[in-house]
Amino acid sequence: MRPNPVRKKLAAGGQVLNAWCSIASSHTAEAIAHQGVDSVTVDLQHGAIGYGELFHMLQAISTSPATPIVRVPTNEPGIIAKALDSGAYGIICPMIETADEARALASACRYPPLGTRSFGPNRVVYYAGTDYAAHANDEILVFAQIETRRAIENVDAIAAVPGIDGLYVGPADLSLSFGEAPNMRPSAESVISAIAAALAASRQHGKFAAIHTDGAETSRERYAQGFGLCSLPTDMRFLINAVKAAVAAVRA
């Protein structure tokens, strides 16, 4: 099986830079994947992307060295399996709040005897290799997204679940959960403490720590704090920012 370079880099204490696709375009996904990032996440939760489009975007990402990751819309075995069977080498699952939910996520991502994932790989055998089923449990990355006050209350138990490889912090929803405006770089002490608790739980249980950011400066700060994977803003945000800057420059 093709090894998972993101898992290897994180395990070695390296820093993984993750791009984020919310636009349903294989062309956009392919172009972003070739810009030197370590991984590209296709967002099925908030992105305007369906399963057929995901399939083509994963094909496009695989033309590059970047590792394909999918954020699924919910903790549901069917869509998790379809993302993995299509070639995702990592799963980010939103709104994990309890250890039981984390166990269900881990189980959906692992073949027996470690989990309950059904065997039926389609495109992934062309990307990963025909021996995929024998090694997938060791290569696929599973991130539980921590983004609510309840998740923080249970963060140690979530991080302790076997089969969960890492915690992925969502600062915007976490801010909302603590009564603050959504913010990728929160300043409220309650949210800062919550992020620190997720990072500490990851370290304590030997799991990878990941987080969403608003750009390069925040990513550098998060790496310095000990996070191993940082996500850049979405493709749509980069597009809006570039067009807005060009319009302002011309109008000036």
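All residue numbers refer to positions in the sequence shown, counting from 1.
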Student: Determine the interplanar angle of the Y132 and Y111 rings, folded into 0 to 90°, and report it as parallel if under 30°, tilted if 30 to 60°, perpendicular if over 60°.
Tutor: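 Answer is perpendicular, since the angle exceeds 60°.
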
Student: For residues I240 and F238: do they belong to one hydrophobic cluster (side chain heavy atoms under 4.5 Å, members Ile, Leu, Val, Met, Phe, Trp, Tyr)?
Tutor: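 Not linked; separate clusters.
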
Student: Could you pull out all residues at least two apart from E221 that satisfy salt bridge (Lys or Arg N to Asp or Glu O under 4.0 Å)?
Tutor: R185

Student: Hydrophobic clusters here meaning ILVMFWY residues chained together by side-chain heavy-atom distances under 4.5 Å, can you tell me if V124 and F55 are in one?
Tutor: yes

Student: Is there a donor in the side chain of S231 and an acceptor in the side chain of Y168, or the other way round, less than 3.5 Å apart?
Tutor: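 Distance-only check passes for S231 and Y168.
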
Student: Would a single hydrophobic cluster contain both F178 and L199, if residues Ile, Leu, Val, Met, Phe, Trp and Tyr are joined by side-chain heavy-atom contacts under 4.5 Å?
Tutor: yes

Student: Measure the CD1-OG1 distance between I91 and T41 for me, rounded to the nearest 0.5 Å.
Tutor: 9.5 Å

Student: Testing the 3.5 Å rule here: is there a donor-acceptor pair between the side chains of S22 and D235?
Tutor: yes

Student: Does Y51, at its OH atom, have more than 12 non-hydrogen atoms belonging to other residues, nucleotides or ligands within less than 6.0 Å?
Tutor: yes

Student: Applying salt bridge (Lys or Arg N to Asp or Glu O under 4.0 Å), name anything that partners D156, two or more places apart in sequence or on another chain.
Tutor: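 Listed in chain order: nothing, the list is empty.
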
Student: So, Q59 and H56: side-chain donor and acceptor under 3.5 Å apart, yes or no?
Tutor: yes

Student: With heavy-atom distances below 4.5 Å as the criterion, would you say the side chains of S86 and N122 are in contact?
Tutor: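 Yes; the side chains approach each other to less than 4.5 Å.
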
Student: Contact between V40 and P68 at the side-chain level, heavy atoms closer than 4.5 Å - yes or no?
Tutor: no

Student: Check whether L229 and L232 end up in the same hydrophobic cluster, where Ile, Leu, Val, Met, Phe, Trp and Tyr are linked by side-chain heavy atoms less than 4.5 Å apart.
Tutor: no

Student: In terms of hydrophobic clusters joined by side-chain contacts under 4.5 Å, are V16 and I164 together?
Tutor: no

Student: Which pairs, with at least one residue in residues 84-105 and sequence neighbours excluded, count as a salt bridge (Lys or Arg N to Asp or Glu O under 4.0 Å)?
Tutor: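 Those involving residues 84-105 are D85-R117, E97-R150, D100-R103.
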
Student: So do the side chains of N18 and C230 get within less than 4.5 Å of each other, counting heavy atoms only?
Tutor: no

Student: Can you name the salt bridge (Lys or Arg N to Asp or Glu O under 4.0 Å) partners of E189, sequence neighbours left out?
Tutor: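 E189 satisfies salt bridge (Lys or Arg N to Asp or Glu O under 4.0 Å) with no other residue.
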
Student: Give every residue pair that meets the ring pair (Phe, Tyr, Trp, His ring centres under 6.0 Å) criterion with at least one member in residues 188-215, sequence neighbours excluded.
Tutor: W20-H212

Student: Side-chain donor-acceptor pairs under 3.5 Å in residues 138-145, sequence neighbours left out?
Tutor:
residue, atom, partner, partner atom, Å
E139, OE1, N4, N, 2.9
Q145, OE1, R71, NH1, 3.4
Q145, NE2, E147, OE1, 3.4

Student: Please report the interatomic distance CG(D165) to SG(C109), rounded to the nearest 0.5 Å.
Tutor: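 Atom-to-atom, D165:CG and C109:SG are 9.0 Å apart.
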
Student: Is any side-chain heavy atom of V155 closer than 4.5 Å to a side-chain heavy atom of L167?
Tutor: yes

Student: Between CD1 of I146 and CG of D173, what distance do you get to the nearest 0.5 Å?
Tutor: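 Those atoms lie 12.0 Å apart.
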
Student: Going from NZ on K207 to OG on S202, what distance comes out if it is rounded to the nearest 0.5 angstrom?
Tutor: 8.5 Å

Student: Is any side-chain heavy atom of C21 closer than 4.5 Å to a side-chain heavy atom of M57?
Tutor: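 Contact flag for C21/M57 side chains = yes.
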
Student: Run the salt bridge (Lys or Arg N to Asp or Glu O under 4.0 Å) check on D38 and R7 step by step: do they pass?
Tutor: CA-CA 11 Å; D38 297 295; R7 174 182 282 280; over 6 Å; no

Student: Any non-hydrogen side-chain atom of I195 less than 4.5 Å from a side-chain atom of R222?
Tutor: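 They are in side-chain contact.
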
Student: Would you say the side chain of P186 lies within less than 4.5 Å of the side chain of L174, judging by non-hydrogen atoms?
Tutor: no

Student: Return yes if a side-chain donor-acceptor contact under 3.5 Å exists between H34 and T63, otherwise no.
Tutor: yes

Student: Can you find a pair of side-chain heavy atoms, one from I49 and one from V42, that are under 4.5 Å apart?
Tutor: yes

